Amino acid sequence: MARKPTYTTPQEITVETASGRVAVVPSAGQIARMARPDIRVYRDRGTTLVVDQPYMTRDRVIQADEIYFVEGAKPKGEGPWLAEADKVAWRDEASGYECIMMRATEGGYLDGYVGVPPSHPLHGFDAKAVPPDIGIEVHGGLTYARICQDGPSPERRIEVEAHRICHVARVARHEPTVHATGYRVEEPHAWWFGFECNHAYDVVPGRNARTGRFLAHEVGGEYRDDGYVCNEILNLAAQLRAIEDGVSIPGRQGPPLPPIGLDPDRAS
């Protein structure tokens, strides 16, 4: 008999420290600066930023640059989202690309994004303009393509940064409760490709049951958790890297994708 999953309460988030220990970090509902030298946690207007800490999903550890917890971003009710961050930003070592997992403002589902440099052959392409036969396979297909949102600057606040699709600045932070990051002047703006987990075959936890799309139950819709979304981000990064390098697209890792044709919004 399968064990019933247990969820972290909304008041606690566990992160792995640099020393390998697991610590409980206050979420947005209990913000306070941790009195520990190996964890840097900052707060700004209901948003918590955890800096330079590994982020643990159910099946992997992401060496995150920034982890955000946003007060009120998670849907009400019990579910796996209670133990998830609302934004995780990191640089993928394998591809060298910047990656972001972020929770949608409405609906509470997760999205994934990968930023490619100006040298990439798809830099500047609209999501719908990417040739279908080029080899990109990601959950629901590409739905987002845009330049960095204004680029990093010293004036970026943590509460704003928690919702921005842009690369993480590498300059040391000064008074991060006011200014989330410094400015990495040598970093050109990336072009971000992204996907959403709000299709007919996805469970959107913040969606009213009456307004849910008609196929959700018929196709066995699932909530796409942080483990699933991070895996899709890394798959997308590997595919985009292969395109830039002019080599064969690598095989996908993880579960097979739901057929796009199941989604009435995407079917042709």
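Here the structure is a predicted model, which means the values were calculated and not measured.
Between Ile249 and Gln239, the shortest heavy-atom distance links the atoms CD1-O, 3.5 Å. In terms of heavy atoms, Ala237 sits closest to Asp92 at CB-OD2, 3.8 Å. Residue Trp192 comes nearest to Cys148 through the heavy atom pair NE1-SG, 3.2 Å, listed as atom of the first residue, atom of the second, then distance. Of all non-hydrogen atoms in Ile67 and Pro54, the two that sit nearest each other are CD1-O, 4.1 Å. The two atoms that bring Trp90 and Ala64 nearest to each other are CB-CA, 3.9 Å, heavy atoms only. Nearest heavy atoms, Met102 versus Ile100: CB-CG2, 3.9 Å.
Of the inter-residue distances, the one linking Tyr228 atom OH with Thr57 atom OG1 reads 14.0 Å to the nearest 0.5 angstrom. Taken from CZ in Phe193 to CG in Asp126, the straight-line distance is 8.5 Å, to the nearest 0.5 Å. The structure places CG of Leu240 at 4.5 Å from CD1 of Ile136, a figure rounded to the nearest 0.5 Å. The structure places CG of Asp59 at 6.5 Å from CG of Asn231, a figure rounded to the nearest 0.5 Å. The line from OH of Tyr42 to OG1 of Thr48 is 12.5 Å long, rounded to the nearest 0.5 Å. Rounded to the nearest 0.5 Å, atoms CZ (Arg146) and CD1 (Ile165) are 7.0 Å apart.
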Full working for side-chain contact (heavy atoms from CB on, under 4.5 Å) between Tyr97 and Glu244: CA-CA 11 Å; Tyr97 297 152; Glu244 181 173 8; 2.3 Å; yes

CA sep, side-chain torsions, deciding dist, call: Tyr201, His139, ring pair (Phe, Tyr, Trp, His ring centres under 6.0 Å): CA-CA 10 Å; Tyr201 37 75; His139 184 87; 5.5 Å; yes

side-chain contact (heavy atoms from CB on, under 4.5 Å) between Tyr223 and Leu110, intermediate numbers included: CA-CA 9 Å; Tyr223 173 72; Leu110 296 174; 3.9 Å; yes

Derivation of the side-chain contact (heavy atoms from CB on, under 4.5 Å) call for Ile134 and Leu122: CA-CA 10 Å; Ile134 202 169; Leu122 293 181; 3.9 Å; yes

side-chain contact (heavy atoms from CB on, under 4.5 Å) assessment of Phe69 paired with Val50: CA-CA 8 Å; Phe69 301 96; Val50 182; 3.9 Å; yes

CA sep, side-chain torsions, deciding dist, call: Asp111, Tyr113, side-chain hydrogen bond (donor to acceptor under 3.5 Å, both in side chains): CA-CA 7 Å; Asp111 298 331; Tyr113 305 91; 3.2 Å; yes

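The shortest side-chain heavy-atom distance between Asp226 and Tyr55 falls under the 4.5 Å cut-off. Between Glu232 and Leu257, the closest side-chain pair of non-hydrogen atoms falls below 4.5 Å. Here the side chains of Gln149 and His163 are not in contact, with every heavy-atom distance at 4.5 Å or above. Counting heavy atoms from C-beta on, the side chains of Met101 and Ile62 never come closer than 4.5 Å. For the pair Val203/Tyr109, no side-chain contact is recorded, criterion being any heavy-atom separation below 4.5 Å from C-beta on. Counting heavy atoms from C-beta outward, Val88 and Cys230 have side chains that stay 4.5 Å or more apart. A 4.5 Å side-chain heavy-atom check between Asp44 and Leu49 finds every atom pair outside the cut-off. Residues Asp65 and Val51 form no side-chain contact, since every pair of their non-hydrogen atoms from C-beta on lies 4.5 Å or further apart.
When atom types are taken as modelled, the side chain of Lys74 and the backbone of Ala83 share no donor-acceptor pair closer than 3.5 angstrom.
Between Glu84 and Arg103 there is a salt bridge, since a side-chain N of the basic residue sits under 4.0 Å from a carboxylate O of the acidic one.
Atom CZ of Arg252 sits in a crowded spot, with more than 12 heavy atoms from other residues, nucleotides or ligands closer than 6.0 Å.
Between Trp191 and His123, the two ring planes are tilted [angle within 30° to 60°].
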